Amino acid sequence: MSVNSINPLIPQIPHIKPIQETVPAGPQGAQAGGNFGEVFENVLKEVNNLQNEADQQIEGLTLKKEGFTPHTAMVALEKADVAFQLMSAIRGKIVRAYEEVIRTQV
């Protein structure tokens, strides 16, 4: 297939918006290019909130409170678990990067 046979099809492809317009700011309004410490702190707070939400769901389910179902409890637990695993992996990468910087000779 030659490039010339594709050229007439290009105008039919829908316009794709740049990433900056379609991706919302990070957790709790963290902005791209912001201070790394602030962004990391906001992400930690978000993971903590997910953990607290899962605890509330389990407590509500255990005490048989109105509106708490096994489904919502499991969804909250899985969200918290995935968020914690991701933060653990990020922490490991940060520690390895720090160790690499420390080993670098000047």
Side-chain angles (χ1 to χ4, degrees):
M1 176 182 278
S2 72
V3 174
N4 292 334
S5 64
I6 297 174
N7 281 340
L9 301 175
I10 291 177
Q12 297 173 0
I13 299 174
H15 177 69
I16 298 173
K17 293 181 181 179
I19 292 176
Q20 292 81 11
E21 293 179 18
T22 57
V23 176
Q28 298 179 358
Q31 297 178 0
N35 182 355
F36 176 77
E38 291 173 3
V39 172
F40 193 69
E41 181 180 350
N42 289 338
V43 171
L44 285 174
K45 286 179 183 177
E46 185 67 26
V47 170
N48 187 46
N49 290 340
L50 288 171
Q51 293 284 336
N52 291 336
E53 167 88 21
D55 289 343
Q56 290 172 357
Q57 288 288 331
I58 294 297
E59 181 181 334
L61 187 64
T62 304
L63 299 175
K64 298 182 182 179
K65 291 183 179 178
E66 184 85 21
F68 292 92
T69 64
H71 176 74
T72 58
M74 286 304 296
V75 169
L77 279 171
E78 285 302 313
K79 281 183 182 179
D81 183 47
V82 168
F84 185 78
Q85 287 178 12
L86 178 62
M87 283 307 304
S88 180
I90 290 171
R91 179 197 157 276
K93 298 260 183 196
I94 291 171
V95 168
R96 282 192 293 276
Y98 173 76
E99 289 170 349
E100 185 69 26
V101 168
I102 294 301
R103 277 189 297 227
T104 303
Q105 295 181 357
V106 180

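Note that the coordinates shown come from a computational prediction; the quantities given were computed from them, not determined experimentally. The figures here come from the full heavy-atom set of this structure, side chains too, leaving out hydrogens, waters and symmetry mates. Just so you know, residue 1 is the first one in the sequence shown, and it goes up from there.
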How long is the gap from NZ on Lys65 to CD on Gln56, to the nearest 0.5 Å?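 Interatomic distance, Lys65 NZ to Gln56 CD, rounded to 0.5 Å: 8.5 Å.
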Residues that Phe40 engages under ring-ring contact (aromatic ring centres under 6.0 Å, His included), provided they are two or more places apart: Phe36
If the test is side-chain contact (heavy atoms from CB on, under 4.5 Å), which one of Leu44, Leu50, Asn52 qualifies with Asn48?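 Between Asn48 and the candidates, side-chain contact (heavy atoms from CB on, under 4.5 Å) is satisfied uniquely by Asn52.
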Can you name the one residue among Val82, Val75, Asp81 that meets side-chain contact (heavy atoms from CB on, under 4.5 Å) with Lys79?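 Result for side-chain contact (heavy atoms from CB on, under 4.5 Å) with Lys79: Val75.
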Can you list everything that forms a salt bridge (Lys or Arg N to Asp or Glu O under 4.0 Å) with Glu100? Sequence neighbours excluded, please.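 For Glu100, the residues satisfying salt bridge (Lys or Arg N to Asp or Glu O under 4.0 Å) (neighbours in sequence not counted) are Arg103.
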Do Leu61 and Gln57 have side chains that approach each other closer than 4.5 Å (heavy atoms only, starting at C-beta)? no
Test Asp55 against Glu59 for side-chain contact (heavy atoms from CB on, under 4.5 Å), laying out the working first. CA-CA 6 Å; Asp55 289 343; Glu59 181 181 334; over 6 Å; no
Tracing side-chain links under 4.5 Å among I, L, V, M, F, W and Y, which residues wind up in one group with [X]?
X: Val95; value: none
X: Leu63; value: none
X: Val101; value: none
X: Leu77; value: Ile58, Met74

Are Glu53 and Asn49 linked by a side-chain donor-acceptor pair shorter than 3.5 Å? no
Is it possible for you to say whether Leu86 and Phe84 belong to one hydrophobic cluster, with membership spreading through side-chain heavy-atom contacts below 4.5 Å?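 No; Phe84 is not reachable from Leu86 via cluster members.
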